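Being a predicted model, the structure only gives us computed values, none of them experimental. When reading the values below, keep in mind they use all heavy atoms of this one structure, side chains included, and skip hydrogens, waters and symmetry mates.
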Amino acid sequence: MALSGLRVLELAGLAPAPLCGMILADFGACVVRVDRAPRSAVAVDVQGRGKRSLALDLKRPPGAATLRRLCGGADVLIEPFRHGVMEKLGLGPEVLMHENPRLIYARLTGFGQTGKYAKSAGHDINYVALSGVLSKLGRKSENPYAPVNLLADFAGGGVLCAMGILIALYERTKSGKGQIIDASMVEGIAYISSFLWKTQSLGFWNRPRGENLLDSGAPFYETYRTSDGKFMAVGALEPQFYEQLLKGLGLDSDKLPDQLSFSDWPEMKKMFASIFAKKTQTEWCRIFDGTDACVTPVLSFDDAASHQHNKQRSSFIKNDQEEISPRPAPLLSRTPAVPSLKRDPFIGEHTEEILLEYGFTKNEIAQLYSDKVIEFNKPKANL
């Protein structure tokens with residue numbers, strides 16, 4: 001695979017960093033998740049596909065020294081802690097990169113390494129709020145709403161951090177040097193929303209929230225309930241697509257207001273809603289499939305995995321526990337991702353084999369285990 005041979009250490013965290021590590025693992029990197037010891041009862045990383053787990057107590061000097069030694073043989077470190085945590089442990093970039101100048105030190109946080117909120121706690125909704133994007137999300141006369149935790153945690157966090165790592169790795173092929181990545185989720189989601197910022201002068205967002213072209217204001221960019229309680233998604237923006245939408249709905253454009261007549265949008269939405277409510281989702285799919293009306297079913301997770309289009313592309317995969325998840329994207333023609341189909345690792349499951357790979361002796365491992373610096377998730381460790 002494209003990232004085969006790449007050694008990545010991912011310090012265990014929530015949501016964004018695990019996705020970043022999983023992306024790298026899916027495309028061939030050897031990703032070690034450094035879990036906390038003593039371990040909690042349940043692993044919080046549900047994105048451990050293709051990773052191995054080493055349980056290590058970083059709060060104790062021998063544990064911090066162990067990570068320093070691991071970083072000496074790694075290409076990438078992903079750390080998800082608030083500003084200053086790694087420095088307190090003696091594991092800041094100035095230390096680790098002095099010992100390994102080729103290390104890519106990726107710092108993935110909500111607010112970034114500097115600024116007023118750098119040391120503050122937060123979650124996806126806070127980062128989306130501070131980026132300005134949350135102010136654009138929500139229906140007319142309603143509070144802004146966050147679309148679960150997709151935008152900051154995963155799009156602006158995990159995905160952009162992975163992109164930053166790959167950019168830094170490419171630059172390293174020319175300079176031979178690593179560098180620090182300051183991946184702020186606030187800035188990540190702001191960057192992803194560049195289109196929103198750059199279209200303000202075009203009048204896309206002149207009206208109140210929920211009354212604009214792309215925020216549920218337009219009748220032709222909306223979801224509609226069907227007679228069986230399901231939904232259809234409509235995205236007929238261009239005139240030729242809008243014409244196809246009207247045709248499928250049995251409407252005559254000559255007898256309707258202009259598509260961009262804002263004042264008529266509320267009534268048009270009511271009309272569309274009443275028509276969509278007369279047929280089932282399956283019936284509407286028969287009408288619109290194969291057309292350019294930009295009308296598609298709103299699928300549940302179960303339905304998405306079994307939909308004909310997604311099945312034809314093998315867009316979803318099953319692991320050995322029969323759990324369904326999305327196949328890695330994008331699809332590369334020569335070196336596609338080959339995701340692991342094994343279950344996610346237990347905390348500490350691979351501690352011994354990882355340390356051996358990184359040059360630790362069996363005696364050193366036995367001493368770390370005796371000192372309770374590391375943990376194994378096996379009844380009997382082979383020491």
With no hydrogens and no angle check, is any side-chain donor or acceptor of [X] less than 3.5 Å from a backbone partner on [Y]?
X	Y	answer
S131	V128	yes
N100	A74	yes
R209	S135	yes
H83	K119	no
W265	Q259	yes
R207	E211	yes
R327	R313	yes
D153	A15	no
D182	Q113	yes
R172	R102	yes

Are D264 and S261 close enough, and set up right, to give a side-chain hydrogen bond (donor to acceptor under 3.5 Å, both in side chains), and what steps lead you there?
-> CA-CA 6 Å; D264 291 302; S261 176; 2.6 Å; yes

Hey, quick one: are L251 and L245 part of the same hydrophobic cluster, counting side-chain heavy atoms closer than 4.5 Å, chains of contacts allowed?
-> yes

Heavy atoms of other groups near [X] [atom1], more than 12 under 6.0 Å:
X	atom1	result
I287	CD1	yes
Y117	OH	no
Q308	CD	no

F231 and Y224: ring pair (Phe, Tyr, Trp, His ring centres under 6.0 Å), yes or no, with the steps?
-> CA-CA 5 Å; F231 295 89; Y224 293 99; 9.5 Å; no

Rounded to the nearest 0.5 Å, how far does [atom2] of [Y] lie from [atom1] of [X]?
X	Y	atom1	atom2	answer
I181	L77	CD1	CG	10.5 Å
S184	Y191	OG	OH	14.0 Å
C285	K230	SG	NZ	9.0 Å

If you draw the axis of the six-membered ring of [Y], does the NZ or CZ of [X] fall within 45° of it and under 6.0 Å from the ring centre?
X	Y	result
R343	F346	yes
R7	Y358	yes
R69	F360	yes

Report the C-alpha distance between D215 and F204 in whole Å, list the side-chain angles of each, state the deciding distance to 0.1 Å, and finish with yes or no for side-chain contact (heavy atoms from CB on, under 4.5 Å).
-> CA-CA 10 Å; D215 64 0; F204 274 31; over 6 Å; no

D371 vs Q367, side-chain hydrogen bond (donor to acceptor under 3.5 Å, both in side chains): CA-CA, chis, key distance, verdict = CA-CA 6 Å; D371 293 340; Q367 187 62 53; 3.1 Å; yes

Should W205 and T199 be marked as a side-chain hydrogen bond (donor to acceptor under 3.5 Å, both in side chains) after you check the CA-CA gap, both sets of side-chain angles, and the distance that decides it?
-> CA-CA 8 Å; W205 314 104; T199 53; 2.9 Å; yes

Is there a side-chain contact (heavy atoms from CB on, under 4.5 Å) between L237 and L213 once you walk through the steps?
-> CA-CA 9 Å; L237 291 171; L213 188 67; 4.0 Å; yes

Can you check side-chain hydrogen bond (donor to acceptor under 3.5 Å, both in side chains) on S253 and E243, steps first, answer last?
-> CA-CA 7 Å; S253 59; E243 191 64 36; 3.2 Å; yes

Verdict with reasoning, L58 to L67, per side-chain contact (heavy atoms from CB on, under 4.5 Å) = CA-CA 8 Å; L58 294 178; L67 184 66; 3.8 Å; yes

Might you work through the side-chain contact (heavy atoms from CB on, under 4.5 Å) test for E352 and K362, ending with a clear yes or no?
-> CA-CA 8 Å; E352 182 183 8; K362 290 215 169 193; 3.9 Å; yes

Could you check whether [X] pairs with [Y] (Lys NZ or Arg NE/NH1/NH2 to Asp/Glu carboxylate O, under 4.0 Å)?
X	Y	answer
K59	D57	no
R52	E357	yes
E349	K51	no
E222	K269	yes

